[in-house]
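Just so we're clear, the structure is a prediction, and the values are computed from it rather than from any experiment.
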Amino acid sequence: MITSSKQAWEVGQTVKSGFMTLIVKAKVATPGDYLPDAYICTNVAGNQLYKVIPHNGTSKVTADQVRELMAIAESHAARVAAQAIAKAASTREIDALFA
């Protein structure tokens with residue numbers, strides 16, 4: 001996630017990436033701690049998609065590639081949520097032992 005920028009890298013905001021002016025359409029969290037989050041953007045005309053990865057660059061992507069990125073992010077989010085639910089259930093079970 002971009003946190004030390006004067007630009008607002010939030011959905012709907014217009015940002016500059018290199019020489020291009022882009023509109024942020026989505027933030028895609030990538031699985032694991034070793035990969036930075038990606039931002040899916042369009043040009044101002046809205047006819048080209050780009051993937052922006054902080055400190056790694058900007059690249060053109062197709063709609064199919066964006067769908068794939070979104071599917072990976074959704075499955076990762078589902079796994080993280082399932083782990084959090086399991087951890088909470090374990091904590092409740094331990095707390096119930098001492099109640």
J.: Would you say the side chain of Val28 lies within less than 4.5 Å of the side chain of Tyr39, judging by non-hydrogen atoms?
T.: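 The answer is no, as the side chains (C-beta and beyond) never meet within the 4.5 Å cut-off.
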J.: Would a distance-only check, ignoring hydrogens and angles, find a side-chain to backbone donor-acceptor pair under 3.5 Å from Thr91 to Lys87?
T.: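 Yes: the side chain of Thr91 pairs with the backbone of Lys87.
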J.: Looking at every non-hydrogen atom in both residues, tell me the closest pair between Gln65 and Lys60 and how far apart they are.
T.: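 Taking every non-hydrogen atom into account, OE1-O, 4.2 Å.
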J.: Which heavy atom of Lys16 sits nearest a heavy atom of Phe19, and at what distance?
T.: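 Shortest heavy-atom contact: NZ-O, 3.9 Å.
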J.: Are Tyr50 and Val66 connected, step by step, through hydrophobic side chains (Ile, Leu, Val, Met, Phe, Trp, Tyr) whose heavy atoms are closer than 4.5 Å?
T.: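 Hydrophobic grouping puts Tyr50 apart from Val66.
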J.: Ile40 and Leu69: side-chain contact (heavy atoms from CB on, under 4.5 Å), yes or no, with the steps?
T.: CA-CA 9 Å; Ile40 304 302; Leu69 282 170; 3.7 Å; yes
J.: Should we say atom CE of Met70 is surrounded by more than 12 heavy atoms from elsewhere, each under 6.0 Å from it?
T.: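 No, CE of Met70 has 12 or fewer neighbouring heavy atoms, counting only those of other groups under 6.0 Å.
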J.: Where do Val11 and Lys27 come nearest, in terms of heavy atoms and distance?
T.: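 Residues Val11 and Lys27, closest heavy atoms: CG2-N, 4.4 Å.
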J.: Rounded to the nearest 0.5 Å, what separates atom CZ in Arg79 from atom CD in Glu74?
T.: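 Output value for this atom pair is 12.0 Å.
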J.: Could you tell me which residues satisfy side-chain hydrogen bond (donor to acceptor under 3.5 Å, both in side chains) with Thr58, sequence neighbours excluded, listed by chain and number?
T.: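 Scan of Thr58 (side-chain hydrogen bond (donor to acceptor under 3.5 Å, both in side chains), adjacent residues dropped) gives Ser17.
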J.: Provide the closest heavy-atom pair for Trp9 versus Val24 in the form atom of the first, atom of the second, distance.
T.: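 For Trp9 and Val24, the tightest heavy-atom pair comes out as CE3-CG2, 4.0 Å.
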J.: Please step through side-chain contact (heavy atoms from CB on, under 4.5 Å) for the pair Leu22 and Val52, ending with a clear verdict.
T.: CA-CA 10 Å; Leu22 303 172; Val52 179; 3.9 Å; yes
J.: Should Asp64 and Arg67 count as an ion pair when the cut-off is N to O under 4.0 Å?
T.: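 Salt bridge flag = yes for Arg67 with Asp64.
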J.: Check whether more than 12 heavy atoms from other residues, nucleotides or ligands sit under 6.0 Å from atom CD of Glu68, and answer yes or no.
T.: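 Atom CD in Glu68 is not crowded, with 12 or fewer foreign heavy atoms closer than 6.0 Å.
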J.: Side-chain contact, heavy-atom cut-off 4.5 Å: Lys51 with Ser59?
T.: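 Heavy-atom side-chain distance check passes, below 4.5 Å.
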J.: Please name the pair of heavy atoms, one in Ile23 and one in Asn43, separated by the smallest distance, quoted to 0.1 Å.
T.: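 Closest approach of Ile23 to Asn43: CD1-O, 4.3 Å.
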J.: Specify the closest pair of heavy atoms between Ala8 and Gln13, including all atoms of both residues, with the distance to one decimal.
T.: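 In this case the closest contact between Ala8 and Gln13 is O-CB, 3.1 Å.
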